Number of protein chains: 2
Amino acid sequence: MKAKGGKPQGYRAIREDVLQRIRSGKWKPGAAVPGEIELAEEYGVARGTANKAMRELVEQGYLERKRKSGTRVRSSPLRAARFAIPLIRDEIEANARYGYKLLVREEVAADDVLRDRLALKAKTRLLHLLCLHLADDAPYAVEERWINLATLPEAAGVDFLSVGPNEWLVQRVPFTDVKLEFSAELPPPHVSVVLQSTVAPSLLAERTTWLNGNSVTYMRLTFKPGYRLATQY
Amino acid sequence: MKAKGGKPQGYRAIREDVLQRIRSGKWKPGAAVPGEIELAEEYGVARGTANKAMRELVEQGYLERKRKSGTRVRSSPLRAARFAIPLIRDEIEANARYGYKLLVREEVAADDVLRDRLALKAKTRLLHLLCLHLADDAPYAVEERWINLATLPEAAGVDFLSVGPNEWLVQRVPFTDVKLEFSAELPPPHVSVVLQSTVAPSLLAERTTWLNGNSVTYMRLTFKPGYRLATQY
DNA sequence: AAGTGGTCTAGACCACGGG
DNA sequence: CCGTGGTCTAGACCACTTT
């Protein structure tokens, strides 16, 4: 345990001070907050220092700033939760022994659903993978993945037997846009069989990745029933 | 539509330039990146300007920086998805007419589950609410909420008939910590009845809110079957 | 027109951490 | 030790927005 008893110094001191006044209700939602110049004088620092403090509070969703009209406490705090999206491997290894199995590897032509989701032309070839992630030898999540071979031809030469597609992609392939969706589903039979689960709702995470307007990959990650995705902020 | 054709100026130019070099693979994961001084000279700007550009890239998860050893491209980009968590009302009003109904309002004693989750003493009184959020008169989500009256006695005097607890709380009550969890559940009967749904998996969002170590409220939000929580980054 | 935040500069000192 | 990033300063000009 680090002793963090000492009060923050510099711009952090200002940031925490202002935050304290917001949390305590001293500065209420919608209320105006002193400007940078005034704050800088109050704390005896340069304007740039006060600026940095206020900018961080804007970024954290506590303040709104507009030129000329000044700074205000956000009326309904735009709380943005930041989910860390670790490699599944890392998530499992935090508490258990990680295992990985490749179940299916095949080249396929895109069907209508995939063509739509990945914005593909008619005959585009995809690499389809079905993988199982295990924690202490028990099924943890099933990964269904399609990789666009038009964008990523080099994927055709990888066997994915020992390294999962997630890890392979993240290390080698840059991307510019990601769409992430969560929903609750009853897994289809070919997934629930692999999860060794009876009929029970599963959390489904879907991720579609793009590179400069070209689709790279689409992934469906079905977690075992009872899985909880948690964050704290 | 704004025409954003013009290339970014100042520190943004540096940020986008460096990002481009990462995304194009010119600078690979794990590789060292020029230091601030070098970058500043390259672009003919002050060191502080280069610093600002690099800091933003760290924050976005693209770079790692350490004193003395310098700046590197993150080997596996720490992709953090930022979920905006709007008031349900705003989420619905983006596409439909919002409706709200209070179904249950009662003071209760905390049971074991709630005592554990909210870290309560034995006899703490809670305000229990059951609410329905509607989109164009169709059930959209069911909100079950418990408010800690020890922390928030003033909530006992609010009827919550026209203003939902979510909106009331967010406007008036500051908080310091939030725990947010997502899972897939088969809703219990008293929830599925209200959702007018047959037996189908629902996405469940649970949020526990704290103020300086004291629990404020616990909420279970059950979305209608088929709901998708989406984010883009 | 004028006020407020956004950005930049040139220079400085400090803190961390690898050698 | 000493190089690199972290922070700060005092001053400046600019951009946006309201008056």
Side-chain angles (χ1 to χ4, degrees), chain A residues 1-19 21-22 27 29-75 78, chain B residues 1-19 21-22 27 29-75 78:
Chain A
M1 283 289 192
K2 261 185 198 173
K4 301 203 174 173
K7 281 182 186 170
Q9 298 292 310
Y11 82 95
R12 291 163 208 275
I14 306 177
R15 165 165 50 76
E16 294 310 310
D17 233 48
V18 171
L19 187 51
R21 281 183 263 195
I22 294 172
W27 289 345
V33 163
E36 295 183 345
I37 303 158
E38 195 178 332
L39 276 176
E41 282 170 5
E42 255 186 66
Y43 287 89
V45 298
R47 192 190 139 211
T49 304
N51 182 283
K52 188 166 187 174
M54 301 304 267
R55 283 173 149 285
E56 291 203 356
L57 290 171
V58 169
E59 193 196 325
Q60 290 167 27
Y62 294 103
L63 296 178
E64 285 175 310
R65 318 189 81 189
K66 263 193 291 193
R67 280 153 159 145
K68 167 75 179 182
S69 46
T71 303
R72 303 181 158 276
V73 181
R74 274 195 100 101
S75 30
L78 166 64
Chain B
M1 281 291 192
K2 264 186 197 173
K4 302 202 174 175
K7 281 181 185 171
Q9 300 291 311
Y11 83 94
R12 290 164 209 274
I14 306 177
R15 164 164 52 77
E16 293 310 310
D17 233 48
V18 171
L19 186 52
R21 281 184 263 196
I22 295 171
W27 289 344
V33 162
E36 295 183 345
I37 303 158
E38 196 177 332
L39 275 177
E41 282 170 3
E42 256 185 63
Y43 288 89
V45 299
R47 194 191 137 210
T49 304
N51 182 283
K52 187 165 186 174
M54 301 304 268
R55 284 174 149 284
E56 291 202 355
L57 289 171
V58 168
E59 191 194 326
Q60 290 167 29
Y62 294 103
L63 298 176
E64 285 175 311
R65 316 189 81 190
K66 263 191 292 194
R67 280 153 160 146
K68 167 75 181 180
S69 46
T71 303
R72 302 181 160 276
V73 181
R74 274 195 99 101
S75 29
L78 165 64

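It should be emphasised that the depicted structure is a prediction, and the values quoted were computed from it without experimental measurement. Letters A, B, ... are given to chains in the order of the sequence lines, protein chains preceding strands, and every chain is numbered from 1. Only heavy atoms go into these numbers, but all of them, side chains included; no hydrogens, no water, no symmetry mates.
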Please state how far atom [atom1] in [X] lies from atom [atom2] in [N], giving the value in whole angstrom units.
| X | N | atom1 | atom2 | value |
| --- | --- | --- | --- | --- |
| Glu36(A) | dA10(D) | CD | C1' | 15 Å |
| Glu38(B) | dG5(D) | CD | P | 10 Å |
| Tyr43(A) | dC8(D) | OH | C1' | 17 Å |
| Glu64(A) | dT18(D) | CD | P | 13 Å |
| Met54(A) | dG6(C) | CE | P | 10 Å |
| Asn51(B) | dT9(D) | CG | C1' | 15 Å |
| Ile37(B) | dG3(D) | CD1 | C1' | 8 Å |
| Leu39(B) | dC8(C) | CG | P | 14 Å |

Under-4.0 Å side-chain N/O to phosphate OP1/OP2 contact, [X] with [N]:
| X | N | result |
| --- | --- | --- |
| Arg12(A) | dG6(D) | no |
| Arg65(B) | dG5(D) | yes |
| Lys66(B) | dT4(D) | no |
| Thr49(B) | dT9(C) | yes |

Run through Thr71(A), Val33(A), Val18(A), Val73(A) and flag the one making a side chain to side chain contact (heavy atoms under 4.5 Å, CB included) with Leu57(A).
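That would be Val18(A); it is the only one of Thr71(A), Val33(A), Val18(A), Val73(A) passing the side chain to side chain contact (heavy atoms under 4.5 Å, CB included) with Leu57(A).
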
Check: dG6(C) base within 3.5 Å donor-acceptor of Arg47(A) side chain:
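Side chain to base: pair present.
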
Donor-acceptor contact present, side-chain Arg72(A) to main-chain Gly30(A), <3.5 Å:
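Here the side-chain-to-backbone pair exists.
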
Within the 4.0 Å heavy-atom criterion, would you say Gly10(B) contacts the bases, only the backbone, or no part of the nucleic acid?
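Touches sugar-phosphate only.
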
Does Gly48(A) reach a base, just sugar-phosphate, or nothing at all? Heavy atoms under 4.0 Å.
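Here Gly48(A) touches no strand at all.
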
On DNA chain D, check which nucleotide each of Lys52(A) and Ser69(A) is closest to and give me the residue with the more 5' one.
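Counting from the 5' end, the first nearest nucleotide belongs to Lys52(A).
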
With DNA chain D as reference, determine whether Arg67(A) or Arg67(B) sits nearer its 5' end, using the nearest nucleotide of each.
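The residue mapped nearer the 5' terminus is Arg67(B).
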
Side chain of Tyr11(B), heavy atoms from C-beta onward: which of dT7(D), dC8(C), dG6(C) has the nearest atom to it?
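Of the options given, the side chain of Tyr11(B) lies nearest dC8(C).
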
Which value, rounded to the nearest 0.5 Å, describes the distance between Met54(B) atom CE and Thr49(B) atom OG1?
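One finds 13.0 Å between CE of Met54(B) and OG1 of Thr49(B).
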
Minimum heavy-atom distance Ala53(B)-Tyr11(B), with the two atoms named:
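Reported closest heavy-atom pair: CB-O, 3.5 Å.
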
Does the pair Glu36(B)/Arg47(B) count as a salt bridge with the N-to-O cut at 4.0 Å?
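So Glu36(B) pairs with Arg47(B) through a salt bridge.
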
